[in-house]
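In listed order, ligands and their atoms are each counted from 1. Source: prediction; values computed, not measured.
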Amino acid sequence: MFVQEAEQETPISSMPGHARLGVLGLVSAAKQAFDLGVPAVALFPAVSEQLKDARAKESTNPDGLLQRAVQALKKALPELVVITDVALDPYSSDGHDGVLVDGRIDNDESLPILAAMAVAQAQAGADVVAPSDMMDGRVAAIRSALDDGGHQDVLICSYCTKYASSFYGPFREALDSAPRGGDKKTYQMDPANTRELFREVALDESEGADWIMVKPGLPYSDVLTRVREATPLPVASYHVSGEYSMLKAASEKGWMDYDAALLESLLCLKRAGADIIFTYGAVDAARLLRS
Ligand code: PBG
């Protein structure tokens, strides 16, 4: 779910059915979802442009938008699992997930920033922190910072095999977070490469990841199956914004039945090996499964 400062909802044109919500709106939408059986929400903040800088300083503000949203959700719905995203992009004036130094992503300079961000989210009450940045070594850095801060019980869902995909476009519109220059190919994975998954899984396991994520969903279901076989950890699949938007757009044109195609997509992800599915269709699916 996307959270913004203003309570007046901002629709997201490429994601029909989704909007940026203020904190109060978020709590009521999360309550509806929870009542329908959705056990968890993943939060992403749309940060105002004036608060963005090169080092994503706003991300550790204890009174920042995301931190307030987490507090409000946990207060209203203590049983709802709240998952927060760890990456610089919503807070970065460069729109990248790590810090840019002399025009290049500096992996190691990014690690303390990511670790501090995760601690701020845990302090606000996040149950699961989900590093989506793809820097090397961030799971270990985050785990040790969380433990030092007394957050041993906060889980890490590592975006383990995350590919440099064109299916993230609608998400970047939702947060206005597209890279201002260059692309994410120096840190996200090459869509042509599956063998690298074994290295990524082994590193994340050894660094202390609790859940392993494969992203995007359907176009990478071969990766999902192989990751499922390669690790005993719970495996999550992220049915990403572009996948959701395709279903919506085709159904708006009358070319496909959204409800059936959504449930089939999620079924296929489960068949391919997902234990957990992140999807923008969660509320729709919960409603369909009940009826
Ligand atoms: C960025 C992040 C992205 C998504 C989740 N976290 C976009 C990106 O890597 O540019 C994409 C999710 C989606 O498309 O639904 N840290």
Self-check item: Ring centroid separation His18 to Tyr280 under 6.0 Å
Solution: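 Between Tyr280 and His18, which both carry aromatic rings, the centre distance is below 6.0 Å.
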Quiz prompt | Pairing of Asp63 and Arg68 as salt bridge, 4.0 angstrom limit | solution = no
Quiz item: Between Arg180 and Glu49, is there a salt bridge with N-O shorter than 4.0 Å?
Solution: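 The answer is yes: the pair qualifies as a salt bridge.
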Self-check item: Mutual orientation of the aromatic rings belonging to Phe44 and Phe2 [parallel < 30°, tilted 30-60°, perpendicular > 60°]
Solution: tilted
Put together the list of close N/O pairs, under 3.5 Å, between ligand 1 and the protein, could you?
{"residue": "ligand 1", "atom": "6 (N)", "partner": "Ser132", "partner atom": "OG", "Å": "3.4"}
{"residue": "ligand 1", "atom": "9 (O)", "partner": "Lys162", "partner atom": "NZ", "Å": "2.7"}
{"residue": "ligand 1", "atom": "9 (O)", "partner": "Gln188", "partner atom": "NE2", "Å": "2.9"}
{"residue": "ligand 1", "atom": "10 (O)", "partner": "Arg172", "partner atom": "NE", "Å": "2.7"}
{"residue": "ligand 1", "atom": "10 (O)", "partner": "Arg172", "partner atom": "NH2", "Å": "2.7"}
{"residue": "ligand 1", "atom": "10 (O)", "partner": "Lys184", "partner atom": "NZ", "Å": "2.7"}
{"residue": "ligand 1", "atom": "14 (O)", "partner": "Ser241", "partner atom": "N", "Å": "3.4"}
{"residue": "ligand 1", "atom": "14 (O)", "partner": "Ser241", "partner atom": "OG", "Å": "2.7"}
{"residue": "ligand 1", "atom": "15 (O)", "partner": "Ser241", "partner atom": "N", "Å": "2.8"}
{"residue": "ligand 1", "atom": "15 (O)", "partner": "Ser241", "partner atom": "OG", "Å": "3.4"}
{"residue": "ligand 1", "atom": "15 (O)", "partner": "Tyr280", "partner atom": "OH", "Å": "2.6"}
{"residue": "ligand 1", "atom": "16 (N)", "partner": "Asp89", "partner atom": "OD1", "Å": "3.2"}
{"residue": "ligand 1", "atom": "16 (N)", "partner": "Asp89", "partner atom": "OD2", "Å": "3.2"}
{"residue": "ligand 1", "atom": "16 (N)", "partner": "Asp97", "partner atom": "OD2", "Å": "3.2"}
{"residue": "ligand 1", "atom": "16 (N)", "partner": "Ser132", "partner atom": "OG", "Å": "2.7"}

Practice problem: Check step by step if side-chain hydrogen bond (donor to acceptor under 3.5 Å, both in side chains) holds for Asp85 and Ser132. | Solution: CA-CA 6 Å; Asp85 193 69; Ser132 67; 3.0 Å; yes
Quiz item: If two hydrophobic side chains count as joined below 4.5 Å and joins carry through other members, does Leu203 share a cluster with Val223?
Solution: no
